[in-house]
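This report refers to the structure that appears directly beneath it.
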Number of protein chains: 2
Amino acid sequence: MEIRIGELAQRTGCEVVTIRYYEKEGLLPEPARSSGNYRLYGEEQVKRMQFIRHCRSLDMSLGEIRTLLNLWDSPTQDCGKVNALLDDHIRQVEARVEALLQLRLHLTALREKCAGARPVEACGILQGLVNCSCHTVSTRDEASAGV
Amino acid sequence: MEIRIGELAQRTGCEVVTIRYYEKEGLLPEPARSSGNYRLYGEEQVKRMQFIRHCRSLDMSLGEIRTLLNLWDSPTQDCGKVNALLDDHIRQVEARVEALLQLRLHLTALREKCAGARPVEACGILQGLVNCSCHTVSTRDEASAGV
DNA sequence: AAAATCCCTATAGTGGCTATAGGGTCAAGC
DNA sequence: GCTTGACCCTATAGCCACTATAGGGATTTT
């Protein structure tokens with residue numbers, strides 16, 4: 001079973017360029033090539049791609065995924081690190097949810113300051129945005145993805 | 001009252017380079033310059049920066065902020081657009097929270113598949129990551145910031 | 001006068017892709 | 001054999017909101 005990059009993309013629900021990007025980033029090994037220099041993939045790589053895509057759908061960064069793949073590639077190791085990584089990731093997600101809920105409170109409070117169709121200079125929202133002194137800290141969330 | 005970029009940064013809780021970046025992006029007008037070519041800011045710009053930073057702390061993108069600043073600069077306009085932008089932003093935040101809560105469910109379910117210190121090849125989590133066929137769609141969240 | 005602190009411009013890097021330019025390969029149909 | 005079209009290749013630039021770096025000049029303090 002040898003498939004080309006287009007079929008791998010189709011099977012794993014991503015773009016062709018994304019696969020090449022993962023290869024460049026070292027998440028996928030360099031594949032075999034056809035006589036015409038096309039990338040050729042086997043069952044192994046399909047599994048690996050599914051693994052990566054599933055991790056991405058769980059919002060893991062490529063760095064986190066790289067760590068998991070390294071463990072995956074040395075199967076006799078203790079899986080405690082897998083658990084730790086996942087726990088850490090869950091905590092990140094929870095922190096992000098907390099931050100966003102705080103944010104929503106601020107936004108809805110702000111929104112209530114203007115209900116009508118006044119001229120902008122009288123709009124309570126813009127006034128609120130200038131004068132409010134609260135500086136909430138929302139956690140950074142750099143590794144998000146859609147699948 | 002004429003302050004230099006360092007003090008403006010201090011007063012608005014951001015880096016000097018960030019202010020220059022906002023200027024380059026057209027959110028701040030080009031300021032006056034001292035004889036030694038230093039940027040000089042007045043009360044007006046401090047307010048404008050506070051506005052921008054507060055919007056950022058509410059996770060608005062620079063594009064959204066640009067829109068608000070344009071309204072801000074033409075104060076006789078109807079403020080309905082301000083309300084609409086904020087409503088839209090609130091919806092974005094709510095959607096992101098929803099997506100993250102779904103994510104957390106998946107992550108905790110996955111986490112329960114392994115409790116111990118087994119070799120990686122027997123780890124339920126990695127198995128779950130390979131075999132699970134669910135492909136949840138998490139919304140993209142490109143405009144996040146910390147203040 | 002020297003050192004420390006501020007400021008300047010310009011450029012490259014971050015993550016996880018997406019988009020574009022400019023080509024090569026291969027199977028099917030005429 | 002020749003064209004069409006679908007697929008593939010590499011290399012490069014762009015997205016966002018910064019951050020970091022290099023290499024210098026201005027001002028203030030010692």
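Convention: sequence-line order gives letters A, B, ...; per-chain numbering from 1.
Listed candidates were D/dC8, D/dC18, D/dT27. Nearest to the side chain of B/L62 is D/dC18. Nearest to the side chain of B/R39, among D/dC9, C/dC8, D/dC8, sits C/dC8. Of the candidate nucleotides D/dT27, D/dC8, C/dC17, D/dC8 has the atom nearest to the side chain of A/V16. Among the nucleotides C/dG16, D/dT27, D/dA17, the one closest to any side-chain atom of A/S61 is C/dG16. Comparing C/dG16, C/dT18, D/dC9 by their closest approach to the side chain of A/T18 singles out C/dT18. Across C/dG16, D/dC8, C/dC7, the shortest atom-to-atom separation from the side chain of B/I5 is found for C/dC7. Among the nucleotides D/dT27, D/dT19, C/dC17, the one closest to any side-chain atom of B/E15 is D/dT19. Closest to the A/Y21 side chain, of the nucleotides C/dC6, C/dC17, D/dC9, is C/dC17.
Ion pairing of B/E43 with B/K47 is absent here, as no side-chain N (NZ or NE/NH1/NH2) approaches a carboxylate O to less than 4.0 Å. Under 4.0 Å is where a charged nitrogen must lie from a carboxylate oxygen, and between A/E44 and A/R48 no such pair does.
By the 6.0 Å contact criterion, CZ on A/R104 is open, its count of non-hydrogen atoms from other residues, nucleotides or ligands being 12 or less. Within a 6.0 Å radius of CD in A/E25, more than 12 heavy atoms belonging to other residues, nucleotides or ligands are found.
Contact check, B/S35 against D/dT27: a side-chain N or O comes under 4.0 Å of OP1 or OP2. Using a 4.0 Å cut-off, no side-chain N or O of B/Y22 falls inside it from OP1 or OP2 of D/dA17. Residue A/R20 has no polar side-chain atom (N or O) positioned under 4.0 Å from OP1 or OP2 of D/dA11.
At whole-Å resolution of the value, CD1 in B/I3 and P in C/dC7 are 10 Å apart. Rounded to an integer number of Å, the gap from CG of B/L40 to P of D/dA26 is 15 Å. Remark: P of D/dC16 and CD1 of B/I65 are 13 Å apart, rounded to the nearest angstrom. With rounding to whole Å, A/R4 atom CZ is found 18 Å from C/dG24 atom P. At whole-Å resolution of the value, CD in A/E25 and P in C/dT18 are 14 Å apart. Between the CZ atom of B/R33 and the C1' atom of D/dG25 there is a distance of 13 Å, rounded to whole Å. The CG-P distance, from A/D59 to C/dG16, rounds to 10 Å in whole Å. The separation between A/E23 atom CD and C/dG16 atom C1' is 16 Å, rounded to whole Å.
Toward the 5′ end of DNA chain D lies the nearest nucleotide of A/Y38, the other residue of the pair B/K24 and A/Y38 mapping further downstream.
Using a 4.5 Å cut-off between side-chain heavy atoms of Ile, Leu, Val, Met, Phe, Trp and Tyr, with links allowed through other members, B/L8 and B/Y21 fall into the same hydrophobic cluster.
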